[in-house]
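Starting from 1, each residue takes its place in the sequence as its number. Being a predicted model, the structure only gives us computed values, none of them experimental.
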Amino acid sequence: QLVLTPEGSRVLTVSSNTVARLWDCRTGEPLGPGLKHPTFVRRGAVSSDGQRVATLDGSQAAYLWDATGGNLFARFAEPTSPNA
């Protein structure tokens with residue numbers, strides 16, 4: 001999956017491996033480290049200012065990242081049923 005920022009200067013790549021990454025469309029260079037997940041990355045989105053990335057992994061956990069620094073701000077796990 002490729003996700004362009006609204007102005008089209010950055011693209012987020014999301015694939016079946018465990019890493020999402022933000023790239024500069026003009027230079028083709030990565031804009032930060034790979035955003036590593038414990039399972040494959042299903043989907044991704046980039047904030048309108050290009051500073052944050054949201055991802056969803058194979059376990060349905062959602063992540064909020066600093067797009068260029070690679071820091072994980074938050075992880076939101078899917079709630080589990082008490083009867084599971």
Side-chain angles (χ1 to χ4, degrees):
Q1 176 188 20
L2 298 175
V3 180
L4 282 171
T5 57
E7 81 288 345
S9 67
R10 299 172 185 197
V11 64
L12 176 69
T13 57
V14 174
S15 67
S16 60
N17 68 16
T18 61
V19 178
R21 188 179 299 261
L22 192 63
W23 303 86
D24 183 306
C25 288
R26 209 177 23 159
T27 66
E29 295 293 322
L31 292 172
L35 308 174
K36 296 179 182 168
H37 297 70
T39 66
F40 69 95
V41 185
R42 287 181 183 266
R43 298 190 196 269
V46 183
S47 65
S48 60
D49 64 3
Q51 298 300 308
R52 291 170 303 285
V53 168
T55 56
L56 182 70
D57 76 6
S59 70
Q60 300 295 330
Y63 300 79
L64 182 61
W65 304 88
D66 168 19
T68 56
N71 296 317
L72 178 62
F73 290 134
R75 179 182 181 274
F76 306 94
E78 182 177 354
T80 58
S81 168
N83 299 325

### Query
Any chain of hydrophobic side-chain contacts (each under 4.5 Å) joining Leu12 to Val19?
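In one cluster with Leu12: Val19, no.
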
#### Entry: Single-linkage hydrophobic cluster Val11~Val41, side-chain heavy atoms < 4.5 angstrom
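Shared cluster, no.
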
Is any side-chain heavy atom of [Y] closer than 4.5 Å to one of [X]?
X	Y	result
Asp57	Pro38	yes
Leu35	Val53	yes
Val46	Arg52	no
Ser48	Pro6	yes

### Task
Kindly indicate, with the supporting measurements, whether the criterion side chain to side chain contact (heavy atoms under 4.5 Å, CB included) is fulfilled by Phe40 and Asn17.
CA-CA 5 Å; Phe40 69 95; Asn17 68 16; over 6 Å; no

Testing the basics here: between [X] and [Y], what is the closest heavy-atom pair and its distance to 0.1 Å?
X	Y	value
Thr5	Ser9	OG1-N, 3.5 Å
Arg75	Ser59	NH2-OG, 4.3 Å
Leu2	Thr13	CD2-CG2, 3.4 Å
Thr55	Ala20	CG2-CB, 4.2 Å
Gln1	Arg43	OE1-CA, 3.2 Å
Ala67	Gly50	CB-O, 3.5 Å

Enter the distance from [X]:[atom1] to [Y]:[atom2] here, rounded to the nearest 0.5 Å.
X	Y	atom1	atom2	answer
Leu31	Asp24	CG	CG	5.0 Å
Thr39	Leu56	OG1	CG	8.5 Å
Leu4	Cys25	CG	SG	5.5 Å
Trp65	Lys36	CH2	NZ	9.5 Å
Arg10	Arg26	CZ	CZ	10.5 Å

